[in-house]
Amino acid sequence: MGNAPSFLDEVNAAFDRAARLTKHDPHLLRQIRETNTVCRFTFPVRRDDGSIETIEAWRAEHSHHKLPTKGGIRYSLMVNADEVMALAALMTYKCAIVNVPFGGAKGGIRIAAHQYSPAELERITRRYTFELIRKNFIGPGVDVPAPDYGTSAREMAWIADTYTAVRGDELDALGCVTGKPVALGGIRGRAEATGRGVMYGLREACAVAEDMRALGLAPGLAGKRVVVQGLGNVGAHAARFLQQEGAVVVGVSEYDGSLARPDGLDVDALLAHRAATRTLQGFPGATFTADPRAALEEDCDILVPAALEGQITAENAPRLRARIVAEGANGPTTTEADAILQAKGVMVLPDMYLNAGGVTVSYFEWLKNLSHVRFGRMEKRFEEGAFGRLIGVVEQLTGRSVSQAERLAVTTGPDELALVNSGLEETMIGAYHEIRETRLRLGDGVDLRTAAFVSAIDKIAAIYGSMGIFP
């Protein structure tokens, strides 16, 4: 038997499958498909005990059809050139699908973050940022990183601080990275954006009665049984928001095992238990299994793989019982497994659409940094005053007084979080229907993943065509 295809091979195979359904010049398709630039760094870092360790890191910029490029930085022992190139390619297609004007990029440092102290992680992050600056792989108009697996707002703050220290004369320097703390130019709602986007995407897909009927399901999220694999930033927020929409979370999994409860888990209580004990084991009223992948095979309507890539494979795909697989993680389903799910009639909501909430809200943060004004600051009070005056006119004309609660419901102007969530909701709804319409246009046998790729290819090709390249 030959070696299993790499993550990049999987992404490119999906691209090629979609490209065959288009009529674009083969040379243009190759330009869209290939990674433009990849940089590998090695640099020394002093550990707290005085020893020196050599760190290996990468940054890939997949496409420069739009600038800046955009993509997260992950800290993981699994990081390599193939992975960052694959993830950068997905970022290109993801940004096109949700109409965010970035090219795709991705970065990574090959470390297990939990094995380093905060001081060591700060030294690693700042040195990595300095290497990015030296090689022109970061900047508000060049390449804008963000958090990913193993990183958070803390690391983004270190990146922003390092960049502004070196390039302090740049007016828009804080736009060099997104996912920052709010106090450092970040945006409200960014931390939960990807999980909230998963909910918005699922809600919109489940609202199409015709598609739900084909799956043997009723329209809407209410009452649908959900299993979430991975309770990191994406999975935890997705589980919470899906429960708020009336879905029943019947199973979850983490690195230490899986939990199941057919009547539903209290997500907030579960997350509190895990935060206190650092394990799923011992949560009352639920069945614990030491196998982290057992949750994938639980009986449910919706499965949300929100961990790492390659979780649904040809080996376990035949045993999945979900009717909808909602890819909260990047690349959780292999090509072979995807074909098996399609043959079973499972609806797969592809990663490059469903987890685009993070890059969408990162785009809003970038715009905030460039405009130097908080969303809602200019219009919130004006709208409250205008609607208040309108209520007053209605009261005069009708002779009826409006209660304080009713008045507030109508007159309260939008703050930053409300505007961010509204923009994210609009983005996810619009993008889903673009993908669905593409699938219907392409005809029977075309799945949503292929339709999403075709939609992305068409949009990128149009940009090259507008420049007189590959008309």
Are Tyr149 and Tyr75 an aromatic pair, judged by ring center distance below 6.0 Å? no
Quick one about Arg190 and Ser362 (side-chain donor to acceptor, distance below 3.5 Å, no hydrogens or angles considered), yes or no? yes
Side chains of residues 238-248: which donor-acceptor pairs under 3.5 Å do they make with residues two or more places apart or in other chains?
| unit_1 | atom_1 | unit_2 | atom_2 | d |
| --- | --- | --- | --- | --- |
| Arg240 | NE | Asp268 | OD1 | 2.9 |
| Arg240 | NH1 | His237 | ND1 | 3.4 |
| Gln243 | NE2 | Leu265 | O | 2.8 |

Going by an N to O cut-off under 4.0 Å, is there a salt bridge joining Arg449 and Glu327? yes
Is there a side chain to side chain contact (heavy atoms under 4.5 Å, CB included) between Val227 and Ile302 once you walk through the steps? CA-CA 6 Å; Val227 168; Ile302 300 170; over 6 Å; no
Salt-bridge contact Arg188-Asp415 (side-chain N to carboxylate O under 4.0 Å): no
Show, in sequence, the C-alpha distance, side-chain angles and deciding distance for Glu155 and Ser152, and conclude whether the side chain to side chain donor-acceptor pair (under 3.5 Å) test is met. CA-CA 6 Å; Glu155 285 75 19; Ser152 66; 2.9 Å; yes
I need the minimum non-hydrogen distance between Gly141 and Pro68, along with the two atoms involved. C-CB, 3.7 Å
Do Phe102 and Thr92 make a side-chain contact, defined as non-hydrogen atoms from C-beta onward lying under 4.5 Å apart? no
Could you tell me whether Asp161 and Arg126 make a salt bridge, using a distance below 4.0 angstrom between a side-chain N and a carboxylate O? yes
For the CZ atom on Arg47, are there more than 12 heavy atoms of other groups (residues, nucleotides or ligands in this structure) within a distance under 6.0 Å? yes
Indicate yes or no: does Asp48 engage Arg123 in a salt bridge with an N to O separation below 4.0 Å. yes
Might you point out which heavy atoms bring Gly107 and Tyr128 nearest each other, and give the distance in Å? CA-OH, 3.7 Å
Side chain to side chain donor-acceptor pair (under 3.5 Å) partner of Asn36, chosen from His65, Glu61, His64: His64
Nearest non-hydrogen partners of Ala356 and Met352, listed with the distance: CB-O, 4.1 Å
Is any side-chain N of the basic residue among Arg225 and Asp301 closer than 4.0 Å to the acidic one's carboxylate O? yes
Would you give the length of the straight line joining atom NZ of Lys180 to atom OG1 of Thr178, rounded to the nearest 0.5 angstrom? 6.5 Å
Looking only at heavy atoms, what is the nearest atom pair of Ile52 and Pro44, with distance? CG2-CB, 3.9 Å
Is Arg293 salt-bridged to Glu315, cutoff N-O under 4.0 Å? no
Can a side-chain donor-acceptor contact be found between Asp9 and Ser6 if the only test is distance below 3.5 angstrom? yes
Are a donor atom and an acceptor atom from the side chains of Glu53 and Tyr116 found within less than 3.5 Å of each other? yes
Glu297 with Arg321: basic N within carboxylate O range, under 4.0 Å: no
Does a donor on one side chain sit under 3.5 Å from an acceptor on the other, for Arg196 and Asn421? yes
First locate atom CG of Asp169, then atom OG1 of Thr164, and finally report the distance between them rounded to the nearest 0.5 Å. 11.0 Å
Side-chain ion pair, Lys368 and Glu416, N-O less than 4.0 Å: yes
Any carboxylate oxygen within less than 4.0 angstrom of a Lys/Arg side-chain nitrogen, looking at Arg74 and Asp148? yes
Residues Glu170, Arg167: salt bridge by 4.0 Å N-O rule: yes
I would like to know whether Lys459 and Glu434 meet salt bridge (charged side-chain N to carboxylate O under 4.0 Å, His left out); could you show each step before the answer? CA-CA 11 Å; Lys459 291 177 184 179; Glu434 284 186 7; 2.5 Å; yes
Without hydrogens or angle criteria, can the side chains of Asp256 and Thr279 be said to hold a donor-acceptor pair below 3.5 Å? yes
Would you say the side chains of Glu34 and His62 form a donor-acceptor pair under 3.5 Å? no
Ion pair present between Asp16 and Arg33, side-chain N to carboxylate O less than 4.0 angstrom? yes
N-O pairing of Glu425 and Arg203 below 4.0 Å: yes
Quick check for you: to the nearest 0.5 Å, what is the distance between Asn369 atom CG and Leu174 atom CG? 5.5 Å
Between OG on residue Ser63 and CE on residue Met91, distance to nearest 0.5 Å: 11.5 Å
Just how far is it from atom CG of Leu259 to atom OG1 of Thr289, taken to the nearest 0.5 Å? 8.0 Å
Rounded to the nearest 0.5 Å, how far apart are CD of Glu204 and OH of Tyr432? 8.0 Å
Under 6.0 Å between ring centres: does that hold for Tyr93 and Phe453? yes
Measure from the side-chain N and O atoms of Arg110 to the backbone N and O of Val79, and report whether any donor-acceptor pair falls under 3.5 Å. yes
Under a 3.5 Å threshold, yes or no: a donor from one side chain and an acceptor from the other, between Ser51 and Asp49? yes
Sole candidate of Leu90, Thr450, Ile457, Val454 that passes side-chain contact (heavy atoms from CB on, under 4.5 Å) when paired with Phe15: Ile457
If we count only N and O atoms by modelled type, under 3.5 Å, do the side chains of Thr333 and Asp338 hold a donor and an acceptor together? no
Around atom CZ of Arg319, are there more than 12 heavy atoms from other residues, nucleotides or ligands closer than 6.0 Å? yes
